[in-house]
Number of protein chains: 2
Amino acid sequence: MMSDKIKIALADDEELFRKGIYFLLQREQNFEVIFEAANGNQLIDFLTTNSNRPDIILMDLKMPLLNGVEATKLITQQFPNIKIIALTSYNTKSFIANMIEIGAASFLVKNASPKEMIFTINEVYKKAFYYNEQVIKILSEFKFPIENRSDFFEKVELTSREREVLELICQQFNSTEIAEQLFISPRTVDTHRNSLLFKTNSQNIAGLVLFAIQNKIVIL
Amino acid sequence: MMSDKIKIALADDEELFRKGIYFLLQREQNFEVIFEAANGNQLIDFLTTNSNRPDIILMDLKMPLLNGVEATKLITQQFPNIKIIALTSYNTKSFIANMIEIGAASFLVKNASPKEMIFTINEVYKKAFYYNEQVIKILSEFKFPIENRSDFFEKVELTSREREVLELICQQFNSTEIAEQLFISPRTVDTHRNSLLFKTNSQNIAGLVLFAIQNKIVIL
DNA sequence: TTAATCCTACGTAAAAACACTTATTTTTTA
DNA sequence: TAAAAAATAAGTGTTTTTACGTAGGATTAA
């Protein structure tokens, strides 16, 4: 006879965090942690080579080699029965949009309480998914709940003009100054900036600068 | 008769992480966790109002309100007997230089093993400090261990409030959102942002983001 | 040729950023 | 302990950004 415990896998690159969660989960009678992974690759390897599969995966989004977003995409496709709860430090709109799109069953910020984590796991096991109030609130703020996301991690293709404008934005020029340098109208610069905001899923120029640095469009 | 256990305080804003560490430490016979703080202020409050003081503090560097660096500065001045072990996600040179300069007794990356954590705590309790091989290796790479930091960037002293605002700006929050999180008026947030612009010699928030990244106030 | 993409540009309105000033509280220091 | 300095907080006014829509011309590919 098989165990009727909820089988859980953990994926997080921080061993201290992982072990900590492990002991928190271990205290619950109906939970059984069957695997720990330090990155997405380890997790995928386990799932493909092992017949004892988890019901639920607690997945950190930031991991080396294969991050949580990519791993979630793969797993939801190949193992649709496994439910994934995403773990992040920050509850940003773009993250949430992303994770829901690629099929995460729920969402936990790392400063959630252990009680909340355990509740979420039980809810996700019982139902198809569980979103807490905070997430629902953020979701309700979307104008276009599904369409309005472009992946934070996914490659974003910029046109050459957009790239030029982005570089100048990172040099702290405003629209008028950029327009002078590129010999175009400030309105056109605005248009390009707006495209950049949309494409990179940024809220403002702070987001554009971060994107530019992360994508090595500007080098520090 | 007093306990001869090692008294430990935890400071980390992520409750899940904190609780996890708590259970890891609790399994050790000679450890006793006497306090948990979600930010530096809570920790300082505890130390100043309570006579039962920890021997060792496990301190996350990234915390809201009062971060680990600032808290460490205060505590090493006011309570020189308390030894601080800094926790970070990344082992960068400037962090290590910083933490040693302000008096951290040791250093743990969050993907250390529980075994390593426990070993470090015991070492720090027995001796004045403990630096693992990784940290020593990084230290040995300094040409001028103390002086060689931040020669390129002029030293800009930010207040803790300014630092908080800057961190939130880098997370793409606007003044209203930042105000809500810090429980102050949006106008006050504007004031802090203006101080930041002046102090960092920036033209706009693009410049602030660049400054924050270059000075490791935010980490990519 | 039609479709698609890109660059260009404008209008309106709202939101946010930014500049400047003032006031209160806290900390330093003389 | 009083004065000075620094930090924090907040109001007023101007400029810039941002949202959203529209649209013509150039280039390229199906």
Side-chain angles (χ1 to χ4, degrees), chain A residues 93-94 141-145 147-150 156-212, chain B residues 40-41 44-45 48 64-67 70 73-74 77-78 155-212:
Chain A
K93 280 190 188 184
S94 56
E141 285 167 8
F142 283 113
K143 284 158 205 145
F144 304 101
E147 290 86 356
N148 195 28
R149 77 286 168 270
S150 72
V156 176
E157 295 292 345
L158 302 183
T159 68
S160 57
R161 208 46 154 175
E162 285 165 353
R163 191 174 298 258
E164 280 182 288
V165 171
L166 180 54
E167 283 171 18
L168 292 168
I169 286 173
C170 290
Q171 289 170 49
Q172 307 187 52
F173 295 113
N174 66 28
S175 295
T176 312
E177 292 164 337
I178 293 171
E180 282 167 11
Q181 293 187 51
L182 299 181
F183 304 107
I184 55 179
S185 158
R187 299 315 199 90
T188 308
V189 176
D190 285 346
T191 305
H192 290 308
R193 194 194 43 235
N194 282 332
S195 307
L196 286 165
L197 289 170
F198 177 76
K199 282 188 178 181
T200 65
N201 203 20
S202 298
Q203 310 303 312
N204 54 32
I205 58 176
L208 295 182
V209 173
L210 291 169
F211 173 88
Chain B
N41 282 338
I44 301 284
D45 282 352
T48 48
L65 297 178
L66 182 66
N67 70 39
E70 299 303 317
K73 281 185 197 168
L74 290 170
Q77 278 173 11
Q78 288 197 260
K155 208 166 205 171
V156 176
E157 293 289 347
L158 302 183
T159 68
S160 57
R161 208 48 153 175
E162 286 164 352
R163 192 175 293 259
E164 281 181 285
V165 170
L166 179 53
E167 283 171 17
L168 292 168
I169 285 173
C170 291
Q171 287 170 48
Q172 305 187 53
F173 294 113
N174 64 33
S175 295
T176 313
E177 291 164 336
I178 293 171
E180 282 168 12
Q181 294 187 49
L182 299 181
F183 305 105
I184 55 180
S185 157
R187 305 302 187 169
T188 306
V189 175
D190 284 346
T191 303
H192 291 306
R193 196 196 38 239
N194 283 333
S195 309
L196 286 165
L197 289 171
F198 177 76
K199 283 188 180 181
T200 65
N201 203 19
S202 299
Q203 308 305 311
N204 55 32
I205 58 174
L208 294 182
V209 173
L210 292 169
F211 173 87

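Chain letters run A, B, ... following the sequence lines, proteins first, then strands; residues in each count from 1.
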Original post:
Hey, is R193(A) close enough to D190(A) for a salt bridge, meaning N to O under 4.0 Å?
Top reply: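 Counted as a salt bridge, because a side-chain N and a carboxylate O are separated by less than 4.0 Å.
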Original post:
Is any side-chain N or O of S175(B) closer than 4.0 Å to OP1 or OP2 of dA17(C)?
Top reply: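 Looking at the OP1 and OP2 atoms of dA17(C), one of them is under 4.0 Å from a side-chain N or O of S175(B).
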Original post:
Taking only side-chain nitrogens and oxygens of S160(B), does any of them come within less than 4.0 Å of OP1 or OP2 of dT8(D)?
Top reply: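 So the side-chain polar atoms of S160(B) do come within 4.0 Å of the phosphate oxygens OP1 or OP2 of dT8(D), strictly under.
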Could you check whether [X] gets within reach of a base, just the sugar-phosphate, or nothing at all, counting any heavy atom under 4.0 Å?
X       : value
T176(A) : nothing
N174(B) : sugar-phosphate
T188(A) : base

Taking [atom1] from [X] and [atom2] from [N], how many angstroms apart are they, rounded to a whole number?
X       : N       : atom1 : atom2 : value
R193(B) : dT16(D) : CZ    : C1'   : 11 Å
I178(A) : dT16(D) : CD1   : P     : 12 Å
L208(A) : dA16(C) : CG    : C1'   : 15 Å
I205(B) : dA17(C) : CD1   : P     : 6 Å
L168(B) : dA17(C) : CG    : P     : 12 Å
N194(B) : dA10(D) : CG    : P     : 15 Å
L197(A) : dA15(C) : CG    : P     : 17 Å
L196(B) : dA9(D)  : CG    : P     : 13 Å

Please confirm whether any donor atom in the side chain of [X] sits under 3.5 Å from an acceptor in the base of [N], or the reverse.
X       : N       : result
T191(B) : dA10(D) : yes
N204(B) : dA17(C) : no
R187(A) : dT8(C)  : no

Subject >> Nearest atoms (heavy-atom pairs only) where V209(B) meets C170(B) >> reply: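 Residues V209(B) and C170(B), closest heavy atoms: CA-SG, 3.9 Å.
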For the side chain of [X] and the backbone of [Y], is there at least one donor-acceptor N/O pair under 3.5 Å apart?
X       : Y       : answer
E180(A) : E177(A) : no
Q172(B) : Q203(A) : yes
T191(B) : R187(B) : yes

Subject >> Shortest side-chain distance from S185(B), nucleotide among dC7(C), dA9(C), dG11(D) >> reply: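 Output: dG11(D).
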Original post:
More 5' along DNA chain D: D190(B) or E162(B), using each one's nearest nucleotide?
Top reply: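 Closest to the 5' end, via its nearest nucleotide, is E162(B).
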